[in-house]
Q: 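Got a structure for you, questions after.
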Amino acid sequence: VALLIFDLDNFKTINDTFGHPLGDKVIQYFASLLQKNTGQHHLAARYGGEEMVMLLANVSQQDALDLAELIRINFANSRLKKKGSDSSIGQVTVSVGISMKKASDSLTDLIERADTALYRSKENGRNQVSIT
């Protein structure tokens, strides 16, 4: 089992610059990317604010990393536009933290490790995936 935590980078700036309705659309768009990549043994959910999670069953660490990278790259390459305009809001990126469940893990252990990996991604420049 793998836990992936996604956090939209600099999301406050999007809300402050373009308004909360557009920020909500960015979240909805990212959620659609997660849903598009949710397999039969995966679960995607909003974790809070601009954070979302995926729980992947029956996957290897490499499978989890590959999926997170695919989602990260697809999101970074998206050119989101203001409604009714051809004007882009600029590149929007996501940072990701991954942890693999160990036999002795509690749910809290799994979440804490994924969160630590997420913060490593942010500290190292954002728009990247880290794994613990």
Side-chain angles (χ1 to χ4, degrees):
V1 173
L3 176 65
L4 288 63
I5 301 179
F6 300 86
D7 191 351
L8 303 183
D9 295 328
N10 302 308
F11 188 73
K12 183 180 180 329
T13 302
I14 294 169
N15 277 338
D16 291 349
T17 303
F18 300 105
H20 289 269
L22 189 128
D24 289 346
K25 293 292 183 192
V26 171
I27 289 172
Q28 290 170 8
Y29 176 75
F30 185 74
S32 76
L33 283 178
L34 291 185
Q35 289 295 68
K36 180 179 167 185
N37 290 285
T38 300
Q40 182 178 1
H41 300 288
H42 304 162
L43 174 68
R46 189 167 180 186
Y47 190 55
E50 70 277 5
E51 288 189 337
M52 298 193 195
V53 297
M54 286 184 90
L55 193 60
L56 313 177
N58 302 319
V59 296
S60 68
Q61 180 172 302
Q62 189 62 52
D63 291 340
L65 183 61
D66 290 347
L67 180 59
E69 276 293 326
L70 175 71
I71 293 167
R72 182 193 66 76
I73 290 167
N74 284 339
F75 190 58
N77 289 336
S78 299
R79 293 296 169 243
L80 305 175
K81 297 178 182 178
K82 292 185 257 182
K83 187 174 183 176
S85 169
D86 285 335
S87 177
S88 171
I89 66 170
Q91 186 182 42
V92 184
T93 61
V94 65
S95 295
V96 188
I98 301 173
S99 64
M100 300 298 295
K101 178 143 181 10
K102 299 175 184 174
S104 62
D105 275 349
S106 68
L107 181 58
T108 301
D109 296 332
L110 185 66
I111 293 169
E112 285 177 356
R113 280 199 322 280
D115 202 46
T116 297
L118 171 64
Y119 279 94
R120 187 178 319 126
S121 291
K122 291 193 163 293
E123 289 170 357
N124 290 333
R126 302 181 192 272
N127 191 28
Q128 58 188 275
V129 177
S130 297
I131 192 163
T132 59

Q: Roughly how far, to the nearest 0.5 Å, is CZ of Arg126 from CD of Gln128?
A: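 Answer for the CD-CZ pair, Gln128 versus Arg126, is 10.5 Å.
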
Q: Could you give the distance from CZ (Arg113) to CG (Leu118), rounded to the nearest 0.5 Å?
A: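 With rounding to 0.5 Å, CZ (Arg113) is 14.5 Å from CG (Leu118).
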
Q: Any side-chain donor paired with an acceptor under 3.5 Å for Ser121 and Ser95?
A: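 No.
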
Q: Tell me whether Tyr119 at atom OH has more than 12 heavy atoms from other residues, nucleotides or ligands lying less than 6.0 Å away.
A: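 Check fails, neighbour count at 12 or below.
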
Q: Is there a side-chain contact (heavy atoms from CB on, under 4.5 Å) between Lys81 and Ile89? Walk through the geometry before answering.
A: CA-CA 6 Å; Lys81 297 178 182 178; Ile89 66 170; over 6 Å; no

Q: Side chain of Arg46, backbone of Gly49: donor and acceptor closer than 3.5 Å?
A: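 Yes, Arg46 side chain to Gly49 backbone: donor-acceptor pair under 3.5 Å.
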
Q: Quick check: are there more than 12 heavy atoms from other residues, nucleotides or ligands sitting under 6.0 Å from NZ of Lys101?
A: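 Atom NZ in Lys101 is packed in, count exceeds 12.
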
Q: Quick one: do Ile73 and Val94 end up in the same hydrophobic cluster if we chain Ile, Leu, Val, Met, Phe, Trp and Tyr together by side-chain heavy atoms under 4.5 Å apart?
A: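 They do not share one cluster, since no chain of ILVMFWY contacts under 4.5 Å joins Ile73 to Val94.
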
Q: If Ile, Leu, Val, Met, Phe, Trp and Tyr residues are connected whenever their side-chain heavy atoms lie under 4.5 Å apart, and connections chain through other members, are Val59 and Leu107 in the same group?
A: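 Val59 does not cluster with Leu107.
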
Q: For Ile98 and Ala68, which heavy atoms make the closest approach, and how far apart are they?
A: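 That closest heavy-atom pairing would be CD1-CB, 3.8 Å.
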
Q: Does the side-chain contact (heavy atoms from CB on, under 4.5 Å) test come out yes or no for Leu110 and Lys102, once each step is laid out?
A: CA-CA 8 Å; Leu110 185 66; Lys102 299 175 184 174; over 6 Å; no

Q: Around atom OH of Tyr29, are there more than 12 heavy atoms of other residues, nucleotides or ligands at under 6.0 Å?
A: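 Yes - once you tally the heavy atoms of other residues, nucleotides and ligands closer than 6.0 Å, there are more than 12.
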
Q: Is there a path of hydrophobic side-chain contacts, each under 4.5 Å between heavy atoms, that joins Leu22 and Phe75?
A: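 Same hydrophobic cluster.
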
Q: In the structure I gave you, are the side-chain heavy atoms of Lys82 and Phe18 within less than 4.5 Å of one another anywhere?
A: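 When only atoms from C-beta onward are counted, Phe18 and Lys82 do touch, with a gap below 4.5 Å.
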
Q: Leu80 versus Gln91: any side-chain heavy-atom pair under 4.5 Å?
A: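 No, too far: nothing below the 4.5 Å cut-off.
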
Q: Between atom CG of Asp109 and atom OG of Ser99, what is the distance when rounded to the nearest 0.5 Å?
A: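 Spacing of CG (Asp109) from OG (Ser99) equals 9.5 Å.
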
Q: Take Gln61 and Ile131, measure what side-chain contact (heavy atoms from CB on, under 4.5 Å) needs, and give me the verdict at the end.
A: CA-CA 9 Å; Gln61 180 172 302; Ile131 192 163; 3.1 Å; yes

Q: Does the side chain of Leu43 come within less than 4.5 Å of Met54's, by heavy atoms?
A: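 The answer is no; the side chains never approach within 4.5 Å.
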
Q: Could you check if a side-chain atom of Leu3 sits within less than 4.5 angstrom of a side-chain atom of Ile111, using non-hydrogen atoms only?
A: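 Yes, close enough: below the 4.5 Å cut-off.
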
Q: For the pair Gln62 and Asp66, evaluate side chain to side chain donor-acceptor pair (under 3.5 Å) and give the outcome as yes or no after the intermediate values.
A: CA-CA 6 Å; Gln62 189 62 52; Asp66 290 347; 2.7 Å; yes

Q: Using side chain to side chain contact (heavy atoms under 4.5 Å, CB included) as the criterion, point out the one residue from Val92, Ile27, Asp16 that pairs with Phe11.
A: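 Per the side chain to side chain contact (heavy atoms under 4.5 Å, CB included) rule, the option paired with Phe11 is Ile27, out of Val92, Ile27, Asp16.
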
Q: Which atoms form the tightest heavy-atom contact between Ala114 and Ile5, and what is the distance?
A: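 So the minimum-distance heavy-atom pair works out to CB-CD1, 3.7 Å.
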
Q: Does the side chain of Thr93 pick up a donor-acceptor pair with the side chain of Asn127 at under 3.5 Å?
A: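 Note: Thr93 and Asn127 side chains miss the donor-acceptor criterion.
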
Q: Is the shortest heavy-atom distance from the side chain of Leu4 to the side chain of Leu56 under 4.5 Å?
A: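 When only atoms from C-beta onward are counted, Leu56 and Leu4 do touch, with a gap below 4.5 Å.
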
Q: To the nearest 0.5 Å, tell me how far Glu123 CD sits from Thr116 OG1.
A: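 It comes to 9.5 Å.
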
Q: Leu67 and side chain to side chain contact (heavy atoms under 4.5 Å, CB included): which partner among Leu65, Ile71, Asp63?
A: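 Single pass found, and it is Ile71.
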
Q: Which pair of heavy atoms, one from His42 and one from Ala57, lies closest together, and at what distance?
A: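 Where His42 meets Ala57 most closely, the heavy atoms are CD2-N, 4.2 Å.
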
Q: Rounded to the nearest 0.5 Å, what separates atom CD in Glu50 from atom CG in Asn15?
A: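 Interatomic distance, Glu50 CD to Asn15 CG, rounded to 0.5 Å: 8.0 Å.
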
Q: Val53, Val26: one ILVMFWY side-chain cluster at the under-4.5 Å cut-off?
A: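 Different hydrophobic clusters.
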
Q: Counting only N and O atoms by type, is there a donor-acceptor contact under 3.5 Å from the side chain of Arg72 to the main-chain atoms of Val96?
A: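 No, because the side chain of Arg72 does not come within donor-acceptor range (under 3.5 Å) of the backbone of Val96.
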
Q: How far does CG of Asp86 sit from CZ of Arg79, to the nearest 0.5 angstrom?
A: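 Taking CG in Asp86 and CZ in Arg79, the distance rounds to 14.5 Å.
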
Q: For Gly90 and Ser88, work out which heavy atoms get closest and say how close.
A: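 Heavy-atom minimum between the residues: N-OG, 2.9 Å.
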
Q: Given the rule in the side-chain contact (heavy atoms from CB on, under 4.5 Å) test, do Leu34 and Met52 qualify, once you have shown the distances and angles that lead to the verdict?
A: CA-CA 9 Å; Leu34 291 185; Met52 298 193 195; 3.6 Å; yes

Q: Answer yes or no: is there a side-chain heavy-atom contact under 4.5 Å between Glu51 and Leu8?
A: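 No, too far: nothing below the 4.5 Å cut-off.
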
